[in-house]
Amino acid sequence: MMMQESLISILLLLLALTFYSTTTSAQLAPIQPPTSSPPAPPLPQPSPPSPVAALPPATAPAPGLNTVPLVPVTPSGAPTPIIPKGPTFDIVNILRKAKRFSVLIRLLKTTQLINQLNSQLVTSGSGGLTLFAPEDSAFSKLKAGFLNTLSDRQKVELLQFHTLSSFISISNFDTLTNPVQTQAGDDAQRLQLNVTTYGGSQVNMATGAVNATLTGTVYADNKLAIYQVDKVLLPLDLVLPSKAPAPAPALAKGGLPKSGKTNSSSADDSSTGGDDSDSGGKALPVDISEGSMMLVNVVLIGVGLVSGAMI
């Protein structure tokens with residue numbers, strides 16, 4: 001009996017060992033990889049950027065002349081179309097952004113010339129405008145009270161003398177023909193403006209009354225150019241005295257009637273040689289513009305002479 005129980009125990013132990021080994025082998029077996037899917041096609045690689053064409057080296061600005069505009073063309077820097085669709089130009093607004101042209105702005109507004117200039121810029125077929133803008137310090141160099149002595153017409157002429165009826169780029173001043181035609185008029189003597197350039201580094205302007213220098217660019221596109229000048233461009237028309245009116249023709253000396261043979265000179269001579277105390281009469285003043293008064297004078301002198309001879 002004891003032998004049977006021992007055999008049964010051994011068999012149970014062997015079964016337990018067999019089960020344990022099988023379970024452990026299953027757990028230690030390597031995990032089979034999942035069924036592989038076909039490889040995905042490779043993503044297209046971005047093409048290398050094309051080489052950028054080499055830009056020419058920027059030309060260094062000329063000494064003494066600031067070529068960087070004080071006011072950008074537009075906030076994005078894009079140029080304004082040649083013919084804008086609407087009235088987009090406002091010269092006063094451009095000058096106000098530059099913050100140094102308050103006197104010029106006041107003159108443009110009080111004379112109402114600004115309306116004409118803005119309208120000219122948006123007119124189809126217009127050649128544009130070039131404006132020479134004296135800064136406030138340039139106006140302070142004028143004689144005290146000079147602007148107040150100018151009439152409204154003279155103020156308009158002064159502003160028009162600073163304006164050209166075409167767009168002139170900074171590199172084209174050497175192509176101008178002197179005297180340069182301004183909007184003030186074509187009087188070559190009293191409204192002359194002569195421009196001289198020196199190698200593109202300096203632009204001088206002479207009016208006969210003042211010599212000025214272009215010191216920088218305020219604004220420039222392909223329609224409007226505003227350049228800063230260090231002095232107010234005074235034309236000779238505002239400095240020289242006004243043209244005197246032609247003198248009135250002299251009044252002809254009154255003559256005697258044809259019946260009288262004595263002329264005015266002989267009457268004067270007789271008056272000088274006569275003795276007023278003899279006759280007690282006095283010669284009347286001679287008025288050369290009144291023939292009748294001269295006749296009376298001559299008659300009185302003649303009477304005095306006859307009375308003296310008779311005595």
Side-chain angles (χ1 to χ4, degrees), residues 64-67 69-71 90-118 120 129-166 168 170 173 176 178-198 202-220 224-244:
L65 179 62
N66 182 17
T67 58
L70 296 177
V71 180
D90 188 349
I91 296 176
V92 165
N93 189 39
I94 294 173
L95 293 173
R96 187 177 290 115
K97 288 181 179 179
K99 300 180 180 180
R100 61 182 69 176
F101 302 99
S102 59
V103 179
L104 179 60
I105 291 173
R106 185 171 68 250
L107 286 174
L108 287 170
K109 294 176 69 175
T110 55
T111 60
Q112 299 184 0
L113 184 64
I114 186 61
N115 300 329
Q116 174 185 334
L117 297 180
N118 285 336
Q120 184 175 344
L129 283 176
T130 299
L131 176 64
F132 300 116
E135 55 185 341
D136 293 337
S137 61
F139 281 99
S140 65
K141 298 176 184 178
L142 294 175
K143 183 180 178 180
F146 174 78
L147 293 179
N148 294 331
T149 64
L150 300 180
S151 64
D152 292 341
R153 182 195 63 80
Q154 289 174 324
K155 290 178 181 179
V156 171
E157 179 183 290
L158 178 64
L159 294 174
Q160 290 177 332
F161 192 66
H162 288 72
T163 309
L164 307 183
S165 298
S166 60
I168 306 296
I170 194 65
F173 276 98
L176 296 176
N178 290 323
V180 178
Q181 180 71 45
T182 69
Q183 289 191 350
D186 56 358
D187 190 333
Q189 293 182 351
R190 305 178 70 90
L191 297 171
Q192 58 175 307
L193 177 64
N194 297 310
V195 176
T196 306
T197 60
Y198 298 93
Q202 186 174 355
V203 179
N204 289 348
M205 284 166 284
T207 69
V210 66
N211 295 326
T213 301
L214 193 152
T215 57
T217 302
V218 179
Y219 179 90
L224 171 65
I226 303 177
Y227 299 110
Q228 177 180 317
V229 290
D230 63 344
K231 294 180 182 178
V232 179
L233 303 179
L234 294 177
L236 286 175
D237 195 36
L238 299 183
V239 178
L240 296 177
S242 302
K243 296 179 180 179

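Only heavy atoms go into these numbers, but all of them, side chains included; no hydrogens, no water, no symmetry mates. This chain uses plain numbering: 1 for the first residue, then up along the sequence.
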Between Gln228 and Thr217, is the side chain to side chain contact (heavy atoms under 4.5 Å, CB included) condition met? List the steps. CA-CA 6 Å; Gln228 177 180 317; Thr217 302; over 6 Å; no
Of the options Thr163, Ile226, Thr182, Leu193, which is the one that meets Phe132 in a side chain to side chain contact (heavy atoms under 4.5 Å, CB included)? Leu193
Are the side chain of [X] and the backbone of [Y] linked by a donor-acceptor contact shorter than 3.5 Å?
X	Y	result
Thr207	Ala209	yes
His162	Leu233	yes
Asp230	Thr213	yes
Tyr227	Ile170	yes

With rounding to the nearest 0.5 Å, note down the distance linking [atom1] in [X] to [atom2] in [Y].
X	Y	atom1	atom2	value
Phe173	Met205	CZ	CE	6.5 Å
Arg190	Leu238	CZ	CG	9.0 Å
Asn204	Leu214	CG	CG	9.0 Å
Leu176	Ser166	CG	OG	7.5 Å
Glu135	Ser102	CD	OG	10.5 Å

For Val195 and Val203, run side chain to side chain contact (heavy atoms under 4.5 Å, CB included): C-alpha distance rounded to whole Å, both residues' side-chain angles, the deciding distance at 0.1 Å, then the answer. CA-CA 7 Å; Val195 176; Val203 179; 3.8 Å; yes
State which residues pass side chain to side chain contact (heavy atoms under 4.5 Å, CB included) with Asn211; sequence neighbours excluded, sorted by chain then number.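 Listed in chain order: Ala206.
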Could you tell me if the side chain of [Y] sits less than 4.5 Å from the side chain of [X], heavy atoms only?
X	Y	answer
Thr215	Val229	no
Tyr219	Leu131	no
Asn194	Pro179	yes
Ser165	Gln120	yes
Leu150	Leu158	yes

Which pair of heavy atoms, one from Pro235 and one from Leu191, lies closest together, and at what distance? CB-CD2, 3.8 Å
So which atom in Ala212 and which in Lys231 form the shortest heavy-atom distance, rounded to 0.1 Å? CB-CB, 3.9 Å
For a side chain to side chain contact (heavy atoms under 4.5 Å, CB included) check, start with the C-alpha distance between Leu236 and Gln192, then their side-chain angles and the critical distance, and finish with the verdict. CA-CA 8 Å; Leu236 286 175; Gln192 58 175 307; 3.5 Å; yes
I want to know whether Phe101 and Phe139 have ring centres closer than 6.0 Å. no
When the side chains of residues 103-117 are checked against the rest of the protein, which donor-acceptor pairs come out under 3.5 Å, sequence neighbours left out?
unit_1 : atom_1 : unit_2 : atom_2 : d
Thr110 : OG1    : Arg106 : O      : 2.9
Thr110 : OG1    : Leu107 : O      : 3.3
Thr111 : OG1    : Leu107 : O      : 2.7
Thr111 : OG1    : Leu113 : N      : 3.4

Restricting to pairs with a member in residues 136-164, which pass salt bridge (Lys or Arg N to Asp or Glu O under 4.0 Å), not counting sequence neighbours? Arg153-Glu157
Start with the C-alpha gap between Leu164 and Leu129, add the side-chain angles, then the distance that decides, and say whether side chain to side chain contact (heavy atoms under 4.5 Å, CB included) holds. CA-CA 6 Å; Leu164 307 183; Leu129 283 176; over 6 Å; no
